[in-house]
Number of protein chains: 2
Amino acid sequence: MDTTATIIQRVREEARRRNVRWTNQREAIVATFVASKDHLTVEELHRRVRLKDATVSAATVYRTINMLTEIGVAVRRQFGASASAAFECAVDRDHHDHLVCTICGSITEFHHDLIERMQVEVADTHGFLLSHHRMELYGTCGTCRIQVDPPAAEDPAPVAR
Amino acid sequence: MDTTATIIQRVREEARRRNVRWTNQREAIVATFVASKDHLTVEELHRRVRLKDATVSAATVYRTINMLTEIGVAVRRQFGASASAAFECAVDRDHHDHLVCTICGSITEFHHDLIERMQVEVADTHGFLLSHHRMELYGTCGTCRIQVDPPAAEDPAPVAR
DNA sequence: TTCCATGCAAAGTGTTTGCACCCGG
DNA sequence: CCGGGTGCAAACACTTTGCATGGAA
C-alpha cells in the first residue's frame, strides 16, 4: 500500500532521473493530483491546487499533468462528448474501463477479463496487433434510475432512439 | 439496397417532415456525405463539398452535419486523441465498433455480439441501465505490421517515440 | 551560474454563434 | 412575403506556446 507521500516521492525520483526540476508548483500539483481519487479535469485540478498555492497558473497545471502522463503517473481520459480531458492517477492501479452515468455524470470503474480477451481475439481476427483500447459504457446509474423512473410508472413508454 | 439517391430522398423527406428547408448547400453536403463510405472530418467533408459548390462555408457544413446527427443519419465518432470529430453515414448500417491502426490511421469496423452482451451484463451488475457504448481497439494493422516489423531487419532500429 | 520552469498573454484548433442578407416554400 | 438558412467573422472552450523573468541544482 502506498501513501500519497510515497507516490510523490516516487514521482520526484522519476523527475530527478529525467533531469526535471522539482518546483513548489510541481509539488503542489502532484500532491493534489495523487490525493484525488476521482477523475479530474485540468480546471478542477487547478482549482484545488490554488487552495494550497494561489499563484500556480493553469499553464503550469497543463504542463505538469502532461509530464505526469508522459511518465505514466497520470492517464488521460475523454468521456462522452465533453470537451475537456479527465485525468486519473495511474500509480498502483490496474487497467480498467468505465461506466458513465449520462444523467449525473458519475463514473464507475470495472474490469472484465473475458471482454478483454475477446478484444484481443477480435483484433487478431482482423490481423491487428492490439496495443490498447478504449471502452466506455453509457447509461443510467442505479441512483438516477430510481429518480428518473418512478416505481409506479404509468406513463406511456418514451419513443425509443 | 439503397442507392445514394434513395438515401438523399429519405433525408429530404425527413427534413420536410421537420419543416427544415432544403437548400442547394444541403443537397451538396448530404449528397457528398452519403456517397462517402469512410469516416469524414468536417474539414474533409467541406473540402469534398467545395468541389461541387465552392461557395459552401464550413459553418454550413457544421450546421448540416449536426442536423444529420440529430435526425440519426450521421453518427459522430471521436478516435484517439485526435482533436476533430469524424462522422459516418448511419443509414442502412448496423451498430459496430472500430479497430484503429495507430500507424496508418486506417479504420476497420467490427461487431462482436458476445462482447455486446457482456457489456450489458457488466452494466447490469453495477446497477446501470446501458444505453450505448463506445469501444475502440487500437493497434497495428496487418499491412503496417509487415512494414514496421520487416521479416529480415538489417537496418538499425529507429528510435522509439 | 546555468538552464529549466513559470506566469502571462497570445496563439492555435475545432466548433459554434450573432448578424445582415438571401432564398425556399 | 416570411422565417429559416447562409456566409462571414467574431466568439468560444480547451490547450499549447513564446517570451522575459525566476529559481532549482
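Letters A, B, ... mirror the listed sequences (proteins, then strands); counts begin at 1. What you see is a predicted model, and the numbers here were worked out from it, not measured in a lab. Reckoned from all heavy atoms, side chains included, excluding hydrogens, waters and symmetry mates.
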Subject >> Footprint string (nucleotides 19-25 of chain D, 5' to 3'): B base within contact, S backbone only, - free, heavy atoms under 4.0 Å >> reply: ----BBS
Original post:
Using the ring of each side chain (for Trp, its six-membered ring), is A/Phe79 parallel, tilted or perpendicular to A/His98, with breaks at 30° and 60°?
Top reply: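 Rings of A/Phe79 and A/His98: perpendicular, over 60°.
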Original post:
Any idea how A/His95 and A/His111 line up, ring-wise: parallel (<30°), tilted (30 to 60°), or perpendicular (>60°)?
Top reply: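 A/His95 and A/His111: perpendicular rings.
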**OP:** Would you work out how much the helix from C/dT1-D/dA25 to C/dG25-D/dC1 bends between its ends, with each end axis defined by five base pairs, to 10 degrees?
**Re:**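 Roughly 30° between the end axes, to the nearest 10°.
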Original post:
According to the ring pair (Phe, Tyr, Trp, His ring centres under 6.0 Å) rule, which pairs have a member within residues 2-27 of chain A, sequence neighbours left out?
Top reply: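 Qualifying pairs, neighbours excluded: none.
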What's the shortest heavy-atom distance between [X] and [Y], and which atoms?
{"X": "A/Arg76", "Y": "A/Ala85", "value": "NE-CB, 3.7 Å"}
{"X": "B/Ala123", "Y": "B/Leu130", "value": "CB-CB, 3.8 Å"}
{"X": "A/Cys141", "Y": "A/Cys101", "value": "N-SG, 3.4 Å"}
{"X": "B/Gly80", "Y": "A/Arg134", "value": "O-NH1, 3.9 Å"}

**OP:** Establish whether B/Val75 and B/Phe110 are linked, either directly or via other cluster members, by ILVMFWY side-chain heavy-atom contacts under 4.5 Å.
**Re:**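 The answer is no; the residues belong to distinct hydrophobic clusters.
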Original post:
Are A/Arg47 and A/Arg50 side-chain neighbours, meaning at least one heavy-atom pair lies under 4.5 Å?
Top reply: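 Side chain of A/Arg47 against side chain of A/Arg50, heavy atoms only: no contact under 4.5 Å found.
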Count the heavy atoms belonging to other residues, nucleotides or ligands that lie under 6.0 Å from [atom1] of [X], then report whether that count exceeds 12.
{"X": "B/Asp113", "atom1": "CG", "value": "yes"}
{"X": "B/Asp38", "atom1": "CG", "value": "yes"}
{"X": "A/Gln9", "atom1": "CD", "value": "yes"}

Original post:
Can you list, by residue number, the residues of residues 34-58 of chain B that have a non-hydrogen atom closer than 4.0 angstrom to DNA chain D?
Top reply: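 Result for residues 34-58 of chain B: B/Thr55, B/Val56, B/Ser57, sorted by number.
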Original post:
Which residues within residues 64-82 of chain A lie with some heavy atom under 4.0 Å of an atom in DNA chain D?
Top reply: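 Contacts with DNA chain D under 4.0 Å: A/Asn66.
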Original post:
With A/Arg77, which of A/His39, A/Glu136, A/Glu88 fulfils side-chain hydrogen bond (donor to acceptor under 3.5 Å, both in side chains)?
Top reply: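 Of the listed residues A/His39, A/Glu136, A/Glu88, the side-chain hydrogen bond (donor to acceptor under 3.5 Å, both in side chains) partner of A/Arg77 is A/Glu88.
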Subject >> Among A/Arg16, A/Arg12, A/Arg18, the one residue meeting side-chain hydrogen bond (donor to acceptor under 3.5 Å, both in side chains) with A/Glu14 >> reply: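 Single side-chain hydrogen bond (donor to acceptor under 3.5 Å, both in side chains) partner of A/Glu14 among A/Arg16, A/Arg12, A/Arg18: A/Arg18.
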**OP:** Take B/Glu44 and B/Arg48 through the test salt bridge (Lys or Arg N to Asp or Glu O under 4.0 Å) and record every step on the way to the result.
**Re:** CA-CA 6 Å; B/Glu44 174 60 14; B/Arg48 295 190 192 179; 2.7 Å; yes
**OP:** Please list, in 5' to 3' order, the outermost nucleotides of DNA chain C lying under 4.0 Å from any heavy atom of chain A.
**Re:**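 Counting from the 5' end, contacts occupy C/dC3 to C/dC8.
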Original post:
Which is true for A/Ala59 with a 4.0 Å heavy-atom rule: it touches a base, it touches only sugar-phosphate, or it touches nothing?
Top reply: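 Here A/Ala59 touches the bases of the nucleic acid.
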